Chemist: 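Input: one structure, supplied below.
Since the structure is predicted, the reported quantities are computational estimates derived from the model, not experimental observations. We count ligands from 1, going down the list as the structure has it; atoms in each ligand are counted the same way.
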Amino acid sequence: MRINFILVLLQLILLNLNYHDAVEFKFTNFVCENYNESWVTLNECRLRAVSRNRTIMNFNATLRHSLNNIVIQAQMFRKANGYKPWLYKIEVDACRFLKKPYNPLAIIVFKLFKDFCNFNHTCPYEGPILVKGFYLRLSILPHNIPTGDYLVILKWVQHT
Ligand SMILES: *[C@@H]1O[C@H](CO)[C@@H](O)[C@H](O)[C@H]1NC(C)=O
Ligand SMILES: *[C@@H]1O[C@H](CO)[C@@H](O)[C@H](O)[C@H]1NC(C)=O
Ligand SMILES: *[C@@H]1O[C@H](CO)[C@@H](O)[C@H](O)[C@H]1NC(C)=O
Ligand SMILES: *[C@@H]1O[C@H](CO)[C@@H](O)[C@H](O)[C@H]1NC(C)=O
């Protein structure tokens, strides 16, 4: 059985990709939805402007059960008369990934996040899931991503 438990939507604008961090991107919206309070509690899901040129993302959830079969489905959209699916749609077995990273795109995404989150051990996961002070380090992104307005949707699913 598949249980959807968290949906995360992040909107951002990429203004300019070069080797300098900050300034060149902007998070514009961040929304989380909790599908089942008996699985997870969402404590925080928000963007915060910490200076004129930097907005950070904070995410704090509490897993109420021990989870050892988490799948993350991620899809990117790019705005062009509304958001259209853009190139990437992946499904990653998070527990397998944490043992041995395996999908090139997921590896990039994980590099972006790993210094800001508590995904530093293998499954099972229970209790706090944290992303704190996250911002994009453009030096980690592939340099061929076009500027534009993007939407990233992450769906967390537990297989039982
Ligand atoms: C943000 O902008 C200020 C001046 O507007 C600049 O001094 C600072 O270095 C910038 N910070 C980053 C992280 O780019
Ligand atoms: C939430 O999860 C519990 C435990 O798996 C299940 O019994 C319940 O039906 C789920 N609720 C919803 C709204 O899906
Ligand atoms: C996450 O949220 C919980 C519950 O509100 C809180 O006790 C905890 O301090 C928060 N953790 C962080 C790192 O903000
Ligand atoms: C994971 O991070 C937490 C909090 O930063 C730390 O207490 C813990 O020792 C780390 N675990 C591993 C396996 O690195």
Side-chain angles (χ1 to χ4, degrees), residues 1-15 20-77 83 85 88-103 105-141 149-160:
M1 192 169 73
R2 292 169 79 97
I3 298 170
N4 289 348
F5 62 105
I6 304 177
L7 182 72
V8 175
L9 280 87
L10 177 65
Q11 273 167 262
L12 66 140
I13 296 174
L14 276 183
L15 302 166
H20 304 291
D21 279 347
V23 188
E24 297 90 351
F25 79 95
K26 203 170 173 198
F27 290 138
T28 52
N29 193 23
F30 180 42
V31 177
C32 307
E33 207 170 309
N34 184 357
Y35 285 120
N36 195 325
E37 297 273 348
S38 75
W39 283 87
V40 64
T41 308
L42 280 178
N43 305 311
E44 187 182 11
C45 172
R46 77 180 161 155
L47 299 177
R48 204 156 74 82
V50 291
S51 69
R52 279 174 70 89
N53 46 17
R54 179 166 291 176
T55 304
I56 56 153
M57 180 230 273
N58 286 331
F59 177 83
N60 176 344
T62 308
L63 296 177
R64 306 172 70 88
H65 296 285
S66 174
L67 301 186
N68 54 19
N69 201 352
I70 305 167
V71 171
I72 297 178
Q73 297 171 329
Q75 184 164 14
M76 272 186 88
F77 298 81
Y83 287 103
Y88 302 114
K89 182 175 182 180
I90 57 171
E91 179 166 305
V92 176
D93 175 336
C95 294
R96 178 182 155 204
F97 183 90
L98 288 165
K99 263 190 225 155
K100 192 173 189 302
Y102 70 93
N103 175 303
L105 184 60
I107 288 170
I108 292 172
V109 173
F110 188 65
K111 267 193 201 152
L112 289 169
F113 276 96
K114 77 177 167 49
D115 296 335
F116 302 94
C117 72
N118 67 341
F119 306 143
N120 63 351
H121 62 84
T122 52
C123 290
Y125 270 79
E126 187 172 4
I129 295 284
L130 302 169
V131 178
K132 205 147 181 71
F134 175 73
Y135 62 91
L136 275 186
R137 285 168 300 175
L138 299 177
S139 56
I140 294 175
L141 287 178
D149 189 334
Y150 292 90
L151 167 67
V152 180
I153 297 184
L154 291 179
K155 209 185 269 181
W156 295 48
V157 180
Q158 158 79 0
H159 283 248
T160 55

Chemist: Is there any protein N/O under 3.5 Å from an N/O of ligand 2, and what does the full list of such pairs look like?
Modeler:
from	atom 1	to	atom 2	distance (Å)
ligand 2	2 (O)	Asn36	OD1	3.3
ligand 2	2 (O)	Asn36	ND2	2.3
ligand 2	2 (O)	Ser38	OG	3.2
ligand 2	2 (O)	Trp39	NE1	3.0
ligand 2	5 (O)	Trp39	NE1	3.0
ligand 2	11 (N)	Asn36	ND2	2.9
ligand 2	14 (O)	Asn36	ND2	3.4

Chemist: Please enumerate all residues that pass salt bridge (charged side-chain N to carboxylate O under 4.0 Å, His left out) together with Arg48, with sequence neighbours excluded.
Modeler: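 So Arg48 forms no salt bridge (charged side-chain N to carboxylate O under 4.0 Å, His left out) with any residue.
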Chemist: Report the residues that fulfil salt bridge (charged side-chain N to carboxylate O under 4.0 Å, His left out) with Glu44, sequence neighbours left out, ordered by chain and then residue number.
Modeler: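 Partners of Glu44 by the salt bridge (charged side-chain N to carboxylate O under 4.0 Å, His left out) criterion, ordered by chain and then number, come out as Arg46.
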Chemist: Does the plane of the ring in Phe27 sit parallel, tilted or perpendicular to the ring in Phe25? Use 30° and 60° as the thresholds.
Modeler: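 Rings of Phe27 and Phe25: perpendicular, over 60°.
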Chemist: Is it the side chain (CB and beyond), the backbone, both or neither of Lys132 that lies under 4.0 Å from ligand 3, heavy atoms counted?
Modeler: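 Only the side chain of Lys132 comes within reach of ligand 3.
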Chemist: From Tyr88 OH over to Ile108 CD1, what is the distance, rounded to the nearest 0.5 angstrom?
Modeler: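 That separation rounds to 7.0 Å.
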Chemist: Carefully, step by step, assess Arg64 and Ser38 under the rule side chain to side chain donor-acceptor pair (under 3.5 Å).
Modeler: CA-CA 7 Å; Arg64 306 172 70 88; Ser38 75; over 6 Å; no
Chemist: Nearest 0.5 Å, what's the OG1-CG distance between Thr28 and Leu12?
Modeler: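 One finds 6.5 Å between OG1 of Thr28 and CG of Leu12.
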Chemist: For Phe113, what residues pass the ring pair (Phe, Tyr, Trp, His ring centres under 6.0 Å) criterion, not counting sequence neighbours?
Modeler: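 Only Phe134 meet the ring pair (Phe, Tyr, Trp, His ring centres under 6.0 Å) criterion with Phe113.
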Chemist: Would one find an N or O of Asn60, backbone or side chain, under 3.5 Å from an N or O of ligand 3?
Modeler: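 It does: an N or O of Asn60 is found under 3.5 Å from an N or O of ligand 3.
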